[in-house]
Protein chains: 2
Amino acid sequence: MQRMQVTGLELFYRNGYYNTSIDDILKELSLSKGAFYYHFESKEDFFIQIIENLLVRKMYSMLIEPIEGHENTLDLITQCFEEALETAVHNEFDFGFVLSNFISEFNGKNETIMKHLNDILRIWEVNLVSAVQRGKFNGYIDRHVDSEGVAVYLMSSYIGVRTLMVETAPSARKYRFMSQLRQYFKSLEPKTTTV
Amino acid sequence: MQRMQVTGLELFYRNGYYNTSIDDILKELSLSKGAFYYHFESKEDFFIQIIENLLVRKMYSMLIEPIEGHENTLDLITQCFEEALETAVHNEFDFGFVLSNFISEFNGKNETIMKHLNDILRIWEVNLVSAVQRGKFNGYIDRHVDSEGVAVYLMSSYIGVRTLMVETAPSARKYRFMSQLRQYFKSLEPKTTTV
DNA sequence: TTTGTATGAGACCAATCGGTCGGTTTAACC
DNA sequence: GGTTAAACCGACCGATTGGTCTCATACAAA
């Protein structure tokens, strides 16, 4: 059952949800339809369980927990993005950002699943916002900065660069992205001109 | 035939390529299979023609031509993004950024189509790079700025925010995004401290 | 050994897919 | 009116889809 979910996520990620048949997954595992429908109600139910069990965990470990510390927020985020992108660069079978790929696929087609995906997005956003607020409180970020704005901008750029890194020069694009991210972050630091 | 392409793009955009059957398109137009396969070799050929005829044109008119002038580059890009996002906000049937949606869908599945999509991406990138270079030449952008880096960062953030604007508070997210974009642009302006 | 239950196998189903093909309509030209 | 070719119709095909159903196996408790 755990194996089914892991393999399911792999194939759904690689080929998309609608373009991956249950038979594909079962063939990979040498299992039968009977085994599948004994454990899961439907393909949709199967996918939702994958989201809840695997995708959420992955998001936490890669993009949320790494920025939870009390050190310099901007450094934490920089390092977090750096590592996440580096993982993608070295992944031979990278097909973009899992979450945003699924959002693109289900948007306007399956409201139930979209709700689950948006939940994850919101968790990410909330954590980014409070990280920025922490940074302001600790004096690493100028206190006039709009925390929600920074969060949206960070999520946007990350989602986008992961799409751009698909297939065309991922390493170069990662490098350029990170260097501009640092440039942007510099503009968020407290104005030293303030007395 | 033109009608077929327009309707085809509409449905492919709304439901995805693999999730839209030829019958769906023909039903919408009250046409038959015969009519379709008289004009197009296959579903793939049909889609590629749509890309070449409609998608490329759309990209040019919305994201490339508006930034081609010789005024302040950063202003041009700001206004261009502003208008593109505003269009999305007011579009009742917005399903994200057409180009990046298709990239997500075809990535790793159809190399032929991916080549066409990447072509469009590269055209966009080239135009952004030369816009930034123009800005440096005209004194609107600091000459130490990395043009390619800015281009990648701009494309990333645009692609990402279009994904984020899907379904959840598009207007608020657009506003926050634009305001952070301006913040970022400010950091690209020439350092007045230079004598 | 018998029974009960958890787990799985795989034939089967209706619906749908992209694509084919023989035939019909339409309209322009001689 | 006859000819031709572009445009279109729709029945049909084999393959595949998500899902159901019946039946087989495994193993622990009685």
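No hydrogens, no waters, no symmetry mates; every other heavy atom, side chains included, goes into these values. All chains are named by letter (A, B, ...) in the order of the sequence lines, taking the proteins before the strands, and each is independently numbered beginning at 1.
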Under 3.5 Å side-chain donor-acceptor pair for B:Asp146 and A:Gln180: no

Nearest-angstrom distance from the residue atom NZ of A:Lys43 to P of D:dT16: 15 Å

Short side-chain donor-acceptor distance under 3.5 Å, B:Ser21 and B:Asp24: yes

A:Tyr153 ring center near A:Tyr184 ring center (under 6.0 Å): yes

What donor-acceptor contacts under 3.5 angstrom involve side-chain atoms of residues 44-51 of chain A, with partners at least two apart or in another chain?
residue: A:Glu44; atom: OE1; partner: A:Asn110; partner atom: ND2; Å: 3.2
residue: A:Asp45; atom: OD2; partner: A:Glu41; partner atom: N; Å: 3.1
residue: A:Asp45; atom: OD2; partner: A:Gln49; partner atom: NE2; Å: 3.4

Sugar-phosphate or base contact per nucleotide [nucleotides 5-16 of chain C; S, B, -; heavy atom under 4.0 Å]: -SBSBB------

Donor-acceptor pair between B:Asn15 and A:Tyr18 side chains, under 3.5 angstrom: no

B:Glu65 bridged to B:Arg57 by N-O distance under 4.0 Å: no

Side-chain heavy-atom pair A:Asn19, B:Tyr17 within 4.5 angstrom cut-off: no

Euclidean distance, atom OH of residue A:Tyr17 to atom C1' of D:dT17 [Å, nearest integer]: 12 Å

Five-pair end axes of the helix from C:dT1-D:dA30 to C:dC30-D:dG1 and the angle they enclose, rounded to 10°: 20°

Modelled atom types, side-chain donor and acceptor of B:Lys136 and B:Ser147, under 3.5 Å: yes

